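Sequence lines set the chain letters: A, B, ... in the order given, protein chains first and strands last, and positions in each chain run from 1. For clarity, every value in this text was computed on a predicted model and none was experimentally measured.
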Amino acid sequence: MLFDDQDFQETIASVLVPVAVPKAYTYKVPPGQSVVPGTIVRVPLGPREVVGAVWDIEPDAAINPKKLKSITRVYDQTPPLDEDLRRFVDWVANWTLGAPGMVLRMVLRSEEALEPEPPVPGVRRVEGAEPERQTSARRRVLETMEDGFAWTRSGLAHAAGVSPSVIDGLIQQNVLEVVSMPAAPPPPKPQLDYARKKLTDAQEAVAAGLVSTFEKGTGVTLIDGVTGSGKTEVYFEAIAEALRREKQALVLLPEIALTEQFLRRYEQRFGVYPAEWHSEITPKNRARVWRGVASGDVRVVIGARSSLFLPFRELGLIIVDEEHDAAFKQDDRVPYSARDMAVVRGHISGFPVVLASATPSVESHVNAEIGRYTLYELPERASGAALPDLQAIDMRLDGPERGRWLAPRLVHAIKDTFAAGDQSLLFLNRRGYAPLTLCRTCGHRFQCAHCSAWLVEHRFQKRLVCHHCGHFEPVPDNCPSCQSANSLVACGPGVERVAEEVSDLFPQARTLVLSSDLPGGPERLKREMKIVEEGGADIIIGTQLVAKGHNFPKMKLVGVIDADLGLAHGDPRAAEKTFQLLAQVTGRAGRVTGGGRGLLQTYNADHPVIKGLLSGDKHAFYQAEIEARRVAGLPPFGRLAAVVVSGPDKIFAEGYARALARAAPPDEAVTLLGPAEAALAMVRGRHRYRLLTMAPRQFDLQSYLRRWLNQGPKPTKGLRVQIDIDPQHFM
DNA sequence: AGCACGCCGACT
DNA sequence: GTCGGCGTGCTC
């Protein structure tokens, strides 16, 4: 609404400013200017100026009119934020207990986008002018320019294969003149039928289902499909349908690392590149995408979670790929889950939302089961290829001898695979040499002075490292407690230790350790990944970084060294996360293997995670998960209670949360850490956590914690408590 | 005295 | 989120 009091009073407007204040501020609208809700404006705030947006709430009447400052600029070239987006911002702020202005800040992420794209300087041939002296470089430049169009200086130099100084010389001699070139033209539109692949019957059925959801308007669809089942081709059909309906589409991906291959597949399907949005995009491109999305020139965006806050002009579809991935959760500033907020945005604007995964999260599975989401399953690979054959090795029956970590059956399998010239992957999600070092004489255990976690030996770096806080120290010669020499003993395996065993057993094989902490950094890792892809290594020992986004076609065997690792956490998502990780590594869900088989070393062959992986029957696994949560006193499906931690003193906070999790009685389910999308749920009595009956923003976590713990260092302030919860319950 | 640092509150 | 004000405590 426009707050134009016709009579004599000045026009005023509520403006949401991008700072953590609880409400909109009131500003005067300069005479002759007009604003509507959603208009983007620049306003003075304290000692500086900020960009905000006019909001549709009544200006605060209680404020002293003398105090009012004036809007300094109205961005009238930029379309106002539409009502749906404003409602979405308010919804997210309410949900996260954050300041609406902080949510708005995520919308206004590119100040540069508010200005029109500046024209770029270019050069053009001056009619009839010739250089004083003709050189071959100059001739090449002039030949390149024969089309008569203007070129950018560097573009021309590149195209002609000369250095930019040649161009400068021609400008000097007035052979070329500097002109202003119009900004980049709008990006080309996707071509709906550029290269539509022939879909399998199963894919067609799902695609048809997705297309039909547009008729209903709203609705969430969950696609549960193994990798290779062609989920991507299926939701390309949904994108095509959105485009046919003159709507924009957004694809959310959990990680930037995955975007590149996705962009290429999109291009193969639609003939053009989609717009791309994530934290590493250059400011100029960021501004272009923002403007294009707001104007409607950009039809499809592939982006990380923050693209959910782009000011789409006519958004009509969101696809959340790898919906189970924790990277959709933002932990700092406004803490939100992009997957859940995508569902909210679809709900507010009345368009379909598609969630896709090979290992859907428990809450999405439950939402599908109870009919809130429509479920489609693609259990088979589109190529008809078989899924890898998985078997367990029960370590209680068939384990290795003492001091060894590879079971005889796994060793045999590696041997056969190596003999056949194929690759093996040994997966162990534990960096370093050994997770625990102790003194054989006095029993001293090496712990981190800072957070009391065990120090992990990294033999390669000759250090003891805390994987929790990063603290490290050299490995001492003598026990620091009893001074005994040669008394320290490494307990348990890490990838370095498994690698040692492998080179012992297979001295002729080319082995490679892939772990994030190896010297050489990301570049070396990238090189080594390539070596593996090309078959330049026989046995790979890797941590979880081999699980994601890599395709190792020559890998015929996966051995999981400690399949139970991660199951015993206090984290209520432990089983789910382990299931997802192992499914990905073994090729049940991921792309790591080129078929073949997998062997899981386990002490818990009857655990639902292991059984679920072996049988491929996820349903039983989900049922077991839901039941386990019920037994643990956690809220039932979809509403996973979690405890929280973030703030300035993260190490303290995490230590406290862990201690709290241990100390809490069984019916006070305290666990996880993460930010704050959720005290709200507790306040509304949706959850059992007593702590949260206090006022949401001021509850005293500190004294609550002290009551349990009664000692220890005082955490500084800034702890926040929160639950990881499904917003469906509040819509 | 002069200043670095951290905490706190205001910002319309 | 960001800034300025103010108190504490250390150095020249």
Scan nucleotides 10-12 of chain B against the protein and return all N/O pairs shorter than 3.5 Å with their distances rounded to 0.1 Å.
residue, atom, partner, partner atom, Å
B:dC11, O3', A:Gly46, N, 3.3
B:dT12, OP1, A:Gly46, N, 3.1
B:dT12, OP1, A:Lys69, NZ, 2.3
B:dT12, O3', A:Thr26, O, 2.7
B:dT12, O3', A:Lys69, N, 3.0
B:dT12, O2, A:Thr26, N, 2.9

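Using a cut-off of 4.0 Å between Lys/Arg side-chain N and Asp/Glu carboxylate O, A:Glu314 and A:Arg299 are scored as salt-bridged. A:Glu112 has no carboxylate O lying under 4.0 Å from a charged side-chain N of A:Arg286, or vice versa, which leaves the two without a salt bridge.
Ring planes of A:Tyr336 and A:Phe309: perpendicular class, angle over 60° (limits at 30 and 60°).
With sequence neighbours excluded, no residue forms a salt bridge (Lys or Arg N to Asp or Glu O under 4.0 Å) with A:Asp76.
Geometric assessment of A:Arg339 against the ring of A:Phe328 yields a negative cation-pi assignment under the 6.0 Å and 45° thresholds.
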